[in-house]
Participant: 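Here you go, one structure.
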Amino acid sequence: MQKPVLRRLGAVLSWQFVVIAALSAGVLLGTTEARASWSPDPALRKAEKRYNRSTSARERLAAWHDLLQGGHRLTEREQLEAVNHGINRLVRFEDDSAVWQRRDYWATPLETLARGAGDCEDFALAKYFSLLQLGVPRDRLRLVYAKALDLNQAHMVLVWQGAPDTEPLVLDNLTDGILPVSQRPDLVLRYAFDTRALYALEDGEVRRIGDSAELPAWRRLLARAEQEGLAR
(Lines give C-alpha, C1' and ligand atoms only; values in the text may rest on other atoms or scores of the structure.)
Protein backbone atom coordinates (compact mmCIF):
# COMPACT_ATOMS: atom_id res chain seq x y z
CA MET A 1 0.00 0.00 0.00
CA GLN A 2 1.30 3.46 -0.84
CA LYS A 3 2.09 5.70 2.13
CA PRO A 4 -0.61 8.33 1.37
CA VAL A 5 -3.20 5.55 1.20
CA LEU A 6 -1.96 4.18 4.50
CA ARG A 7 -2.27 7.57 6.13
CA ARG A 8 -5.80 8.04 4.82
CA LEU A 9 -6.72 4.57 6.00
CA GLY A 10 -5.29 5.30 9.43
CA ALA A 11 -7.37 8.44 9.65
CA VAL A 12 -10.53 6.58 8.72
CA LEU A 13 -9.85 3.77 11.17
CA SER A 14 -8.77 6.23 13.89
CA TRP A 15 -6.64 3.57 15.59
CA GLN A 16 -4.55 2.57 12.52
CA PHE A 17 -6.66 -0.48 12.91
CA VAL A 18 -6.48 -4.20 12.48
CA VAL A 19 -9.26 -6.04 11.04
CA ILE A 20 -11.13 -8.89 9.28
CA ALA A 21 -10.18 -11.66 6.93
CA ALA A 22 -12.80 -12.83 4.51
CA LEU A 23 -15.07 -13.62 7.32
CA SER A 24 -18.26 -14.95 5.81
CA ALA A 25 -16.47 -15.77 2.56
CA GLY A 26 -13.84 -17.79 4.42
CA VAL A 27 -11.18 -17.05 1.83
CA LEU A 28 -8.08 -15.91 3.65
CA LEU A 29 -7.10 -18.92 5.69
CA GLY A 30 -3.81 -20.51 4.79
CA THR A 31 -2.47 -23.90 5.73
CA THR A 32 -2.80 -24.90 9.35
CA GLU A 33 0.27 -24.28 11.45
CA ALA A 34 1.60 -26.73 14.00
CA ARG A 35 0.42 -26.15 17.54
CA ALA A 36 3.30 -24.63 19.47
CA SER A 37 4.47 -25.70 22.90
CA TRP A 38 4.77 -22.70 25.21
CA SER A 39 4.94 -21.98 28.92
CA PRO A 40 3.68 -18.68 30.36
CA ASP A 41 6.13 -18.84 33.26
CA PRO A 42 9.06 -16.79 31.80
CA ALA A 43 6.74 -14.01 30.63
CA LEU A 44 4.92 -13.96 33.95
CA ARG A 45 8.16 -13.81 35.91
CA LYS A 46 9.12 -10.69 33.94
CA ALA A 47 5.69 -9.18 34.55
CA GLU A 48 5.79 -9.94 38.26
CA LYS A 49 9.10 -8.08 38.58
CA ARG A 50 7.62 -5.11 36.75
CA TYR A 51 4.30 -5.04 38.62
CA ASN A 52 5.27 -6.58 41.97
CA ARG A 53 4.01 -3.58 43.93
CA SER A 54 0.41 -4.24 42.95
CA THR A 55 -1.38 -7.13 44.65
CA SER A 56 -4.34 -6.88 42.28
CA ALA A 57 -2.03 -6.99 39.25
CA ARG A 58 -0.31 -10.11 40.60
CA GLU A 59 -3.69 -11.74 41.17
CA ARG A 60 -4.86 -11.02 37.64
CA LEU A 61 -1.60 -12.27 36.14
CA ALA A 62 -1.83 -15.43 38.27
CA ALA A 63 -5.40 -15.97 37.05
CA TRP A 64 -4.20 -15.59 33.45
CA HIS A 65 -1.43 -18.10 34.18
CA ASP A 66 -4.03 -20.57 35.48
CA LEU A 67 -6.22 -19.95 32.44
CA LEU A 68 -3.36 -20.80 30.09
CA GLN A 69 -2.14 -23.79 32.08
CA GLY A 70 -5.62 -25.27 32.28
CA GLY A 71 -6.36 -24.38 28.67
CA HIS A 72 -3.89 -26.92 27.32
CA ARG A 73 -6.24 -29.69 28.45
CA LEU A 74 -9.19 -28.28 26.50
CA THR A 75 -10.39 -28.74 22.95
CA GLU A 76 -9.88 -25.75 20.66
CA ARG A 77 -13.52 -24.71 20.91
CA GLU A 78 -13.34 -24.97 24.69
CA GLN A 79 -10.21 -22.82 24.60
CA LEU A 80 -12.13 -20.12 22.75
CA GLU A 81 -14.85 -20.18 25.40
CA ALA A 82 -12.39 -20.16 28.30
CA VAL A 83 -10.29 -17.31 26.91
CA ASN A 84 -13.24 -15.16 25.86
CA HIS A 85 -14.91 -15.48 29.26
CA GLY A 86 -11.64 -15.27 31.20
CA ILE A 87 -10.37 -12.06 29.61
CA ASN A 88 -13.82 -10.47 29.82
CA ARG A 89 -13.87 -11.27 33.55
CA LEU A 90 -10.32 -10.08 34.34
CA VAL A 91 -10.40 -6.79 32.41
CA ARG A 92 -12.79 -3.87 32.76
CA PHE A 93 -13.49 -1.53 29.87
CA GLU A 94 -11.82 1.88 29.95
CA ASP A 95 -10.59 4.23 27.24
CA ASP A 96 -6.88 4.54 26.52
CA SER A 97 -6.98 8.14 27.69
CA ALA A 98 -7.90 6.92 31.18
CA VAL A 99 -5.66 3.85 31.29
CA TRP A 100 -2.57 5.07 29.43
CA GLN A 101 -3.10 8.85 29.21
CA ARG A 102 -2.86 8.51 25.43
CA ARG A 103 -5.38 8.84 22.65
CA ASP A 104 -4.51 5.37 21.38
CA TYR A 105 -2.33 2.59 22.77
CA TRP A 106 -2.27 -1.10 21.84
CA ALA A 107 -1.36 -2.98 25.02
CA THR A 108 0.15 -6.43 25.33
CA PRO A 109 -1.83 -8.95 27.40
CA LEU A 110 0.57 -8.52 30.31
CA GLU A 111 0.14 -4.74 30.23
CA THR A 112 -3.64 -5.02 30.03
CA LEU A 113 -3.89 -7.56 32.84
CA ALA A 114 -1.50 -5.64 35.05
CA ARG A 115 -3.68 -2.52 34.68
CA GLY A 116 -6.87 -4.57 34.78
CA ALA A 117 -8.42 -2.27 32.18
CA GLY A 118 -8.41 -1.60 28.48
CA ASP A 119 -10.55 -0.69 25.51
CA CYS A 120 -11.95 -3.05 22.90
CA GLU A 121 -8.70 -3.55 21.01
CA ASP A 122 -6.93 -4.49 24.25
CA PHE A 123 -9.55 -7.17 24.93
CA ALA A 124 -9.19 -8.50 21.38
CA LEU A 125 -5.38 -8.48 21.51
CA ALA A 126 -5.30 -10.20 24.90
CA LYS A 127 -7.52 -12.96 23.53
CA TYR A 128 -5.44 -13.22 20.35
CA PHE A 129 -2.16 -13.69 22.21
CA SER A 130 -3.73 -15.98 24.81
CA LEU A 131 -4.98 -18.34 22.12
CA LEU A 132 -1.58 -18.28 20.40
CA GLN A 133 0.04 -19.32 23.67
CA LEU A 134 -2.41 -22.21 23.87
CA GLY A 135 -1.31 -23.37 20.44
CA VAL A 136 -4.25 -22.23 18.34
CA PRO A 137 -2.86 -21.87 14.80
CA ARG A 138 -2.21 -18.24 13.89
CA ASP A 139 -3.94 -18.61 10.54
CA ARG A 140 -7.26 -19.32 12.26
CA LEU A 141 -7.30 -15.96 14.03
CA ARG A 142 -8.08 -12.50 12.70
CA LEU A 143 -8.37 -9.19 14.48
CA VAL A 144 -11.44 -7.45 13.16
CA TYR A 145 -12.40 -3.81 12.84
CA ALA A 146 -16.14 -3.22 12.77
CA LYS A 147 -18.78 -0.68 13.56
CA ALA A 148 -20.89 -1.56 16.59
CA LEU A 149 -24.32 -0.36 15.50
CA ASP A 150 -25.90 -0.37 18.97
CA LEU A 151 -23.05 1.77 20.31
CA ASN A 152 -22.66 3.78 17.10
CA GLN A 153 -18.89 3.60 17.33
CA ALA A 154 -15.82 1.81 16.06
CA HIS A 155 -15.19 -1.56 17.66
CA MET A 156 -12.63 -4.36 17.54
CA VAL A 157 -13.21 -8.08 18.02
CA LEU A 158 -11.29 -11.30 17.46
CA VAL A 159 -12.53 -13.77 14.88
CA TRP A 160 -11.71 -17.49 14.74
CA GLN A 161 -12.32 -19.66 11.69
CA GLY A 162 -11.60 -23.37 11.92
CA ALA A 163 -11.58 -24.05 8.17
CA PRO A 164 -12.21 -22.06 4.97
CA ASP A 165 -15.63 -23.66 4.49
CA THR A 166 -16.88 -22.96 8.01
CA GLU A 167 -18.51 -19.82 9.36
CA PRO A 168 -16.22 -17.63 11.48
CA LEU A 169 -16.97 -17.10 15.18
CA VAL A 170 -16.74 -13.76 16.98
CA LEU A 171 -15.02 -13.28 20.37
CA ASP A 172 -16.18 -9.98 21.82
CA ASN A 173 -15.83 -8.03 25.06
CA LEU A 174 -19.50 -7.02 24.75
CA THR A 175 -20.66 -10.60 25.42
CA ASP A 176 -19.34 -13.90 26.74
CA GLY A 177 -21.33 -15.69 24.05
CA ILE A 178 -19.31 -16.75 21.01
CA LEU A 179 -21.56 -16.44 17.96
CA PRO A 180 -21.13 -16.94 14.22
CA VAL A 181 -20.72 -13.79 12.17
CA SER A 182 -24.21 -14.24 10.69
CA GLN A 183 -25.70 -13.99 14.19
CA ARG A 184 -24.05 -10.65 14.95
CA PRO A 185 -26.18 -8.19 12.96
CA ASP A 186 -25.10 -5.51 15.43
CA LEU A 187 -21.62 -5.54 13.88
CA VAL A 188 -20.69 -4.20 10.45
CA LEU A 189 -17.35 -5.80 9.57
CA ARG A 190 -15.10 -3.53 7.55
CA TYR A 191 -11.40 -4.39 7.64
CA ALA A 192 -9.12 -7.17 8.83
CA PHE A 193 -5.51 -7.93 9.34
CA ASP A 194 -3.24 -10.75 10.30
CA THR A 195 0.53 -11.04 10.56
CA ARG A 196 0.81 -10.96 6.77
CA ALA A 197 -1.51 -8.34 5.36
CA LEU A 198 -4.27 -5.80 5.80
CA TYR A 199 -7.56 -6.43 4.00
CA ALA A 200 -10.74 -4.56 3.19
CA LEU A 201 -14.14 -6.19 2.89
CA GLU A 202 -16.23 -4.49 0.23
CA ASP A 203 -19.52 -5.78 -1.18
CA GLY A 204 -18.75 -9.28 0.04
CA GLU A 205 -15.32 -9.28 -1.61
CA VAL A 206 -11.99 -9.38 0.16
CA ARG A 207 -9.25 -7.12 -1.12
CA ARG A 208 -5.69 -6.90 0.12
CA ILE A 209 -4.81 -3.25 0.65
CA GLY A 210 -1.42 -3.42 2.30
CA ASP A 211 1.09 -5.12 4.52
CA SER A 212 0.25 -5.26 8.23
CA ALA A 213 3.92 -4.54 8.97
CA GLU A 214 3.20 -0.99 7.76
CA LEU A 215 0.93 -0.42 10.75
CA PRO A 216 3.15 1.31 13.36
CA ALA A 217 0.94 0.41 16.33
CA TRP A 218 1.00 -3.27 15.34
CA ARG A 219 4.80 -3.27 14.87
CA ARG A 220 5.35 -1.68 18.26
CA LEU A 221 2.95 -4.11 19.92
CA LEU A 222 4.65 -7.15 18.39
CA ALA A 223 8.06 -5.88 19.49
CA ARG A 224 6.90 -5.46 23.09
CA ALA A 225 5.15 -8.83 23.07
CA GLU A 226 8.36 -10.48 21.87
CA GLN A 227 10.34 -8.78 24.64
CA GLU A 228 7.83 -10.15 27.13
CA GLY A 229 8.36 -13.67 25.79
CA LEU A 230 4.96 -14.10 24.19
CA ALA A 231 4.47 -16.33 21.17
CA ARG A 232 3.49 -14.39 18.05
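Throughout, numbering of the chain's residues begins at 1 and tracks the sequence.
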Participant: How long is the gap from CD on Glu121 to CG on Asn173, to the nearest 0.5 Å?
Facilitator: 10.0 Å

Participant: Mind listing the closest non-hydrogen atom pair of Glu94 and Ala98 along with its distance?
Facilitator: OE1-CB, 3.3 Å

Participant: Supply the atom-to-atom distance Asp96 CG to Cys120 SG, rounded to the nearest 0.5 angstrom.
Facilitator: 9.0 Å

Participant: Using a strict cut-off of less than 4.0 Å between a Lys/Arg side-chain nitrogen and an Asp/Glu carboxylate oxygen, indicate whether Arg77 and Glu81 qualify as a salt bridge.
Facilitator: yes

Participant: Indicate the ring-plane relationship of Phe123 and Phe93, choosing parallel, tilted or perpendicular according to the 30° and 60° boundaries.
Facilitator: parallel

Participant: Once rounded to the nearest 0.5 Å, what's the spacing between atom CG of Leu125 and atom CD of Glu111?
Facilitator: 10.5 Å

Participant: Minimum heavy-atom separation for Arg60 to Gly116, with atom names?
Facilitator: NE-CA, 3.2 Å

Participant: Ignoring hydrogens and geometry, is there a side-chain-to-backbone donor-acceptor pair from Gln133 to Phe129 under 3.5 Å?
Facilitator: yes

Participant: Give a yes or no on whether the backbone of Leu171 and the side-chain of Asn84 come within a donor-acceptor separation of less than 3.5 Å.
Facilitator: no

Participant: Can you tell me if Asp122 uses its side chain to pair, donor with acceptor, with the backbone of Ala107 under 3.5 Å?
Facilitator: yes

Participant: Quick check for you: to the nearest 0.5 Å, what is the distance between Arg140 atom CZ and Thr166 atom OG1?
Facilitator: 9.0 Å

Participant: Locate the shortest heavy-atom distance separating Arg196 from Arg208; write the atom from each residue and the value.
Facilitator: O-NH2, 3.7 Å

Participant: Ignoring hydrogens and angles, tell me if any N or O in the side chain of Gln183 forms a donor-acceptor pair with the backbone of Pro180 under 3.5 Å.
Facilitator: no

Participant: If a pair satisfies salt bridge (Lys or Arg N to Asp or Glu O under 4.0 Å) and one of its residues is in residues 171-180, list it, with sequence neighbours excluded.
Facilitator: Asp172-Arg184

Participant: Output the distance between atom CG (Leu187) and atom CG (Leu149), rounded to the nearest 0.5 Å.
Facilitator: 7.5 Å

Participant: Should the pair Arg224 and Trp106 be classed as cation-pi, given the thresholds of under 6.0 Å to the six-membered ring centre and 45° from the axis?
Facilitator: no

Participant: Distance check, rounded to the nearest 0.5 Å: Tyr128 atom OH versus Leu230 atom CG?
Facilitator: 11.5 Å

Participant: Between Arg92 (side chain only) and Ala117 (backbone N and O only), is there a donor and an acceptor less than 3.5 Å apart?
Facilitator: no

